[in-house]
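Side chains are part of it too, since the values below use all heavy atoms of this structure and drop only hydrogens, waters and symmetry mates. Letters A, B, ... mirror the listed sequences (proteins, then strands); counts begin at 1.
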Amino acid sequence: MLEQQLKQFTVRAFKQEFDAAVTEAEVTINITKKEHTGDFTVVVFPLIKYSKKNPEQTAQWLGDKLKVESGIVTEYNVVKGFLNLTLAHSYWQNKLNEIALNINYGVFTPNHQKVVLEYCGPNTNKPLHIGHVRNMLLGYAMGEILKANGFDLTKVNIYNDRGINISKSMVAYQRYGNGATPQSTGIKGDHFVGDWYVKFGEVVKSELEVIPNKPEDKDEAAKLTPIFKEAQEMVQKWEADDAETLALWKQMNSWVYEGFQETFKVLGIDFQKDYYESETYKLGKDIIEEGLQKQVYKKRADGAVIVDLTRDGLDEKVLLRSDGTSIYITQDLGTAELRHKEFGMDKMIYVVANEQDYHFKVLKLALQKLGKQWADGIYHLSYALVESPTGRFKSREGKTADADDLIAEVLRIAEAKTKELGKIEELTDEDLTELYRIIGLGALKYFILRVNPYKKIIFNPEESIDLHGHTGPFIQYTHARTCAVLRKAGKAEFSKTTYPQILQAEERELIIHIAEYENVLRSAADKYDPSEMANYLYQLAKLYNKFYHEQPILTALTEQEKQFRLLITQQTGRLIKQGMKLLGIDVPEKM
RNA sequence: GGCCUCGUAGCUCAGUUGGAUAGAGCAACAGCCUUCUAAGCUGUGGGUCAGGGGUUCGAAUCCCUUCGGGGUCACCA
């Protein structure tokens, strides 16, 4: 890495000249702002305490030293305490060539660290909504970024397939379903089951009307209705392995899984392993036992097992009910341990909404207190909710929050817009359908992934899917544009050309940015933040479009310039494709 | 109420291990297609970085405080 090289050089220079122990962390090097001349800027203010000179003198001295001795700095200028360095043209030309020749640029060598990444985590009583979409896109992209960083990744999903929620759908279906199926009704499986969940709510409401003296609290009141009691009995029958109940449960869940599979496929997400709460909900009791033996957990007077986290700034947290049955955290403890046995992972990442920040703090601490070192590798990739302009999406607000409807809508917009532009007459119907898919999903995915995970997203279905400006289709378009230029140029081995004597400003900026790709890739993994890659790719596309408009490529004045610009074009297209792939976004060759 | 978190242009977002005159897109307005894809490019206007205080050569960034939004504080998941 170049910044690293410059830092090391600076550290050595201070050592030689002033016998000062400057650390690399104290040397700040930024890409030079565009209103100043230069490629990189050293901020010298923090260094003057070592040089014992004023900022200008220090910068002057370091600039001279770099120019004379580094071999790559050809010019420098000093503005206040900022030392702007310009690197040799040949340096950037060689850099581009080096990147072009390296088929592994942007793919780090394996680091032999295992990561388990859990994402999606749906309930099986209703279809996926926009919150799941953010989760899935974020989880998938994070996984791809980690893979490109050399991690050995396993993506897993966990289905919350049991309990009161699915029982509600089951009861409503049992009462009113008359043997209908997704096939007989033509409704996608998860929506079919979700409709019965909605039906359950409606029945509760109507049954409530005839109940006298009901409590103020609506949830409490609902528990008095006959249908709610049936649902509770359904849970008990399920836990008692009642055959009829289990058969119905399996049937309804299988419909849901078929529906989910379809959505996963459209979104292009995948998992290497599925977990089911029905299989893991009893796990965790041995961990509780272990905690009690190690006297890390305590049994309270009422019999509940707790962990005291008051010293960690949290509270006492119940880990096991007083009747000895497990709760949510119990099984999460057990599932974590199970996965550690299965995978021996170094990191385990949970992509879960920020509503559960507290839960994951507890989970990690509870495991760490048992001395399980692998718990240090637990990371909660917390993300904020997706809200509508009027506030939080509620499932009963209807269609706008539904994942499948949302996807259908963006595909529709992509199709309408593409037809309006009418540039792609030569494509077959099949190719066109594929193009609408690429563009529509590109718009949706990019819209969500460009935002830092911890920030909430305001999603306005009418306006959010734009195809211009800072959007996925803009980046896709830029890729298609590089392809068009390369097609016209014919096949050529651009990297074996000699280079023009001088670099144009647009060429230089673009190459500097191309050379930053691996830094961004690493940072996105370190910070668990795919939006860094998303924003980088936008900058890359923007720089290319500027270059494209300012500098003739195929009609460049000299053959050398032409070949060089084709190489820039090729590498830009390559990195856009590569980077977008990490975000789960395909790019077309024509659009 | 305790804890966590967010507040940057009319709107959606970058920028936060402290660095130069805070950047993009959308929307508005004005230009650029007989030349490589105009889903593009160029320009104009638009800011008390929620308010106040502090630390520092330097603060959108760190600390304190006030206000506003969200989350959480279950033997629910």
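Taking the ring centroids of A:Tyr544 and A:Phe547, they lie under the 6.0 Å cut-off. Less than 6.0 angstrom separates the ring centroid of A:His359 from the ring centroid of A:Tyr328.
A:Ser322 comes within 4.0 angstrom of a nucleotide base, judged by non-hydrogen atoms across all strands. Nucleic acid contact class of A:Asn84 (heavy atoms, under 4.0 Å, all strands): base. Residue-level contact check: A:Ile553 touches the bases, meaning some heavy atom is under 4.0 Å from a base atom.
Classified by interplanar angle (parallel below 30°, tilted 30° to 60°, perpendicular above 60°), the ring pair A:Phe228/A:Phe200 is tilted. In this structure, A:Tyr536 and A:Tyr517 have perpendicular ring planes: the angle between them is above 60°, well past the 30° mark.
The nucleotide whose nearest atom lies closest to any side-chain atom of A:Phe447 is, among B:A39, B:U12, B:A38, B:U12. Distance from the side chain of A:Lys456 is smallest to B:G69 among B:G69, B:C41, B:U37. Considering only side-chain atoms of A:Lys455, the nucleotide from B:C13, B:A39, B:A14 that sits closest is B:A14. The side chain of A:Arg481 lies closest to B:A38, out of B:C13, B:A38, B:A39. The side chain of A:Tyr538 has B:A24 as its nearest neighbour among B:U37, B:A24, B:G19. Of the candidate nucleotides B:A20, B:A77, B:A38, B:A38 has the atom nearest to the side chain of A:Tyr477. Of the candidates B:A77, B:C75, B:G23, the closest approach to any side-chain atom of A:Lys34 belongs to B:G23. Closest approach to the A:His468 side chain among B:A20, B:A77, B:G40 is made by B:G40 (side chain taken as heavy atoms from C-beta onward). With B:C36, B:A77, B:C41 as the candidates, the nucleotide lying closest to the side chain of A:Leu554 is B:C36. Side-chain proximity of A:Lys417 to the nucleotides B:G71, B:A39, B:G19 is greatest for B:A39.
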Considering only nitrogen or oxygen atoms on both sides, find all protein atoms under 3.5 Å from nucleotides 55-60 of chain B and state each distance.
none

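Taking the P atom of each, B:C3 and B:A74 are spaced 16 Å apart, rounded to whole Å. Taking atom C1' in both B:U17 and B:A60, one finds a spacing of 16 Å when rounded to whole Å. To the nearest whole angstrom, the two P atoms, one in B:G25 and one in B:G71, are 33 Å apart. When the P atom is used for both B:A9 and B:G15, the distance is 15 Å, rounded to whole Å. For the P atoms, the distance linking B:U12 with B:C4 amounts to 27 Å, nearest Å. Atom name P, nucleotides B:A22 and B:C13: the rounded distance is 23 Å, in whole Å. The separation of B:G45 from B:G40, taken at their C1' atoms, amounts to 22 Å, rounded to a whole angstrom. The same atom, C1', is picked in B:A24 and in B:A14; the two are 7 Å apart, to the nearest Å.
Applying the 4.0 Å criterion to OP1 and OP2 of B:G25, one finds that A:Lys542 has a side-chain N or O inside that range. Taking only side-chain nitrogens and oxygens, A:Lys80 comes nearer than 4.0 Å to OP1 or OP2 of B:U21. Side-chain nitrogen and oxygen atoms of A:Arg162 include none within less than 4.0 Å of the OP1 or OP2 phosphate oxygen of B:A77.
Because its glycosidic torsion is more than 90° from 0, B:C73 is reported here as anti.
Closest approach of A:Ile329 to A:Val318, counting heavy atoms only: CG2-O, 3.7 Å.
With RNA chain B read from its 5' end, the first of the two nearest nucleotides for A:Asp466 and A:Asp315 is the one closest to A:Asp466.
Taking atom CG of residue A:Asn30 and atom P of nucleotide B:G18, one finds them 12 Å apart after rounding to whole Å.
Inspection of the A:Asn84 and A:Thr41 side chains reveals an N or O donor paired with an N or O acceptor under 3.5 Å. Judged purely by distance below 3.5 Å, without hydrogens or angles, the side chains of A:Glu559 and A:Gln563 pair a donor atom with an acceptor atom. Checking A:Glu26 against A:Thr23 by side-chain atom types alone, a donor-acceptor pair falls below 3.5 Å.
Nucleotide B:C36 has no partner under the Watson-Crick or G-U criteria, as no pair reaches both atom distances under 3.5 Å. In this entry B:G1 has B:C73 as its Watson-Crick or G-U wobble partner, both defining distances falling under 3.5 Å. Within the shown strands, B:C11 is the pairing partner of B:G25 under the Watson-Crick or G-U definition, both distances less than 3.5 Å. Partner assigned to B:U56 is none, using Watson-Crick or G-U wobble distances below 3.5 angstrom.
Applying the 6.0 Å contact sphere to NZ of A:Lys7 captures more than 12 heavy atoms from other residues, nucleotides or ligands.
Under the 6.0 Å distance and 45° angle rule, A:Arg134 does not count as a cation-pi partner of A:Tyr383.
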